[in-house]
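Here is the structure we will look at, set down as structure tokens.
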Amino acid sequence: MDTVRGMHAAQENDATAFANRKLLAEKRVFAVNVVAASRSGKTSVILATIEALRDEFNLAVIESDMAGRIQAERINQRGIPAVQVDAEPSGHLSAACVRDALAELDLDGLDLVIIENAGDPSGSVFVDVGEGLKVLVTAVSEGDAKPLEAPEIFRRCHAVLVNKIDMADQCGFDLDRFCSLVRKANASAPIFPVVATTGEGVEAWADWLRSQI
């Protein structure tokens with residue numbers, strides 16, 4: 001019974017994701033789903049991305065972090081619309097969550113929506129919410145063996161940002177090894193070492209994102 005219920009829920013989610021994607025295409029809005037583990041610095045990455053792109057694109061953020069209302073306020077203070085939504089009991093966003101958030105945004109006035117998905121990547125990376133890109137943010141503190149330990153997470157992402165790269169030596173993080181392991185799981189996803197709080201490496205990531213929008 002649980003298996004049948006789970007299959008029905010997955011089918012319903014996929015149908016809603018399809019509708020989200022269709023709506024975004026009609027409105028000519030690009031959506032990026034940012035998945036990351038806790039303390040990876042994903043909010044800092046999003047804020048840095050906003051600063052890099054705000055002069056070229058009209059942006060909004062869908063925020064599902066556990067401290068989402070505080071984060072949404074930080075984003076709003078930068079003049080960027082932000083909608084805070086509650087995630088599913090599993091912790092990650094569903095397509096229905098994103099549908100409800102999109103309904104609160106003026107899509108006619110937007111070019112890019114960044115979705116901050118607070119769920120554990122081991123679950124959230126498998127859920128289609130209607131995004132154009134799924135991007136993984138990982139921090140050097142998570143270790144350079146993470147692609148070996150969880151290859152499916154990396155396989156399903158279109159790009160990988162390695163945050164806090166300035167702390168690599170302190171954390172014993174070998175970037176070359178990390179990149180090699182990512183390539184075994186995903187041959188095409190670009191990898192961007194960044195320090196979101198200072199902006200180091202962010203322009204390379206922003207340039208790539210511009211090319212995708």
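The figures here come from the full heavy-atom set of this structure, side chains too, leaving out hydrogens, waters and symmetry mates.
Looking at Cys179 and Leu175, their side chains come closer than 4.5 Å, going by heavy atoms from C-beta outward. Within the 4.5 Å cutoff, no side-chain heavy atoms of Gln84 are placed close to those of Ile62. No side-chain heavy atom of Val61 sits less than 4.5 Å from a side-chain heavy atom of Val83. Considering only heavy atoms from C-beta on, Val125 stays 4.5 Å or farther from Phe154 through its side chain. Residues Val137 and Ser40 are in side-chain contact: their nearest non-hydrogen atoms beyond the backbone lie under 4.5 Å apart. Between Asn33 and Leu133 the shortest side-chain heavy-atom distance does not fall below 4.5 Å. Val160 places a side-chain heavy atom less than 4.5 Å from the side chain of Thr138. Counting only heavy atoms from C-beta outward, the side chains of Ile115 and Val32 never approach each other to under 4.5 Å.
Note: the hydrophobic cluster containing Phe18 does not contain Val113 (ILVMFWY, side chain heavy atoms under 4.5 Å, direct or indirect links). Linking ILVMFWY residues whenever their side-chain heavy atoms come closer than 4.5 Å, directly or via other members, places Val162 and Ile153 in the same cluster. Residues Val35 and Val127 are members of separate hydrophobic clusters, defined by side-chain heavy-atom contacts under 4.5 angstrom among Ile, Leu, Val, Met, Phe, Trp and Tyr. Residue Val85 is grouped with residue Val98 when hydrophobic side chains (ILVMFWY) are merged at heavy-atom distances under 4.5 angstrom, including chains of intermediate members. Hydrophobic clustering (ILVMFWY, side-chain heavy atoms < 4.5 Å, transitive): Phe192 and Val140 are in distinct clusters.
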Legend entry - Stepwise side-chain contact (heavy atoms from CB on, under 4.5 Å) test for Asn20 and Leu102: CA-CA 8 Å; Asn20 288 347; Leu102 291 175; 4.3 Å; yes
Inset, instruction - Applying side-chain contact (heavy atoms from CB on, under 4.5 Å), run through Val129 and Arg99 and close with a yes or a no. - result: CA-CA 8 Å; Val129 298; Arg99 175 199 62 203; over 6 Å; no
Inset, instruction - Start with the C-alpha distance between Arg28 and Asp111, add both sets of side-chain angles, then the distance that settles salt bridge (Lys or Arg N to Asp or Glu O under 4.0 Å), and finish with yes or no. - result: CA-CA 7 Å; Arg28 299 180 63 82; Asp111 303 306; over 6 Å; no
Legend entry - side-chain contact (heavy atoms from CB on, under 4.5 Å) evaluation trace for Glu200 with Val194: CA-CA 5 Å; Glu200 179 183 339; Val194 301; over 6 Å; no
Inset, instruction - Walk me through it: do Glu152 and Arg155 pass the test salt bridge (Lys or Arg N to Asp or Glu O under 4.0 Å)? - result: CA-CA 5 Å; Glu152 194 61 31; Arg155 190 170 295 122; 2.4 Å; yes
Inset, instruction - Decide yes or no on side-chain contact (heavy atoms from CB on, under 4.5 Å) for Val34 and Ile114, but give the supporting numbers first. - result: CA-CA 7 Å; Val34 181; Ile114 301 175; 3.9 Å; yes
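The aromatic rings of Phe178 and Phe173 lie tilted to each other, with the angle between the two planes from 30° to 60°.
Across Arg183 and Ala189, no two heavy atoms sit closer than the pair NH2-O, 2.6 Å. Scanning all heavy atoms of the two residues, the minimum distance from Cys97 to Asp86 falls at SG-O, 3.4 Å. A pairwise comparison of heavy atoms in Leu24 and Ala31 identifies CD1-CB, 3.7 Å as the closest pair. In terms of heavy-atom proximity, Pro121 sits nearest to Ala36 at CG-C, 3.4 Å. Here the closest heavy-atom approach between residue Ala196 and residue Ala48 is recorded as O-CB, 3.7 Å. Smallest separation of non-hydrogen atoms from Pro151 and Glu149: CD-C, 3.5 Å.
Between the side chain of Arg54 and the backbone N or O of Phe57, no donor-acceptor pair lies under 3.5 Å. Remark: the backbone N or O of Asp144 is not paired with any side-chain donor or acceptor of Asp174 at under 3.5 angstrom. Here the side chain of Ser180 pairs no donor or acceptor atom with the backbone of Asp176 at under 3.5 angstrom.
In this structure, OG in Ser124 is found 8.5 Å from CG in Leu136, a value given to the nearest 0.5 Å. Within the model, atoms CG of Asn186 and CD1 of Ile191 stand 8.0 Å from one another, a figure rounded to the nearest 0.5 Å. Here CH2 of Trp205 is found 12.0 Å from CG of Asn163. Values are rounded to the nearest 0.5 Å. Rounding to the nearest 0.5 Å places CG of Asp108 at 3.5 Å from NZ of Lys27. Gln11 contributes atom CD, which lies 8.0 Å from atom CG of Asp14 (distance to the nearest 0.5 angstrom). Annotation: the span from Leu93 atom CG to Asn117 atom CG amounts to 4.0 Å, rounded to 0.5 Å.
For Asp169, the CG atom is loosely surrounded, since the number of other residues' heavy atoms within 6.0 Å does not exceed 12. For CZ of Arg39, the number of neighbouring non-hydrogen atoms (other residues, nucleotides, ligands) closer than 6.0 Å is 12 at most.
No side-chain donor from either of Glu116 and Ser64 sits under 3.5 Å from a side-chain acceptor of the other.
With respect to the salt-bridge test (charged N to carboxylate O, under 4.0 angstrom), the residues Lys164 and Glu142 do not qualify. Lys134 and Glu131 are joined by a salt bridge, as a carboxylate oxygen and a charged side-chain nitrogen come within less than 4.0 angstrom of each other.
Hydrophobic cluster of Leu181: the remaining members, joined at side-chain heavy-atom separations below 4.5 Å, are Leu148, listed by chain and number.
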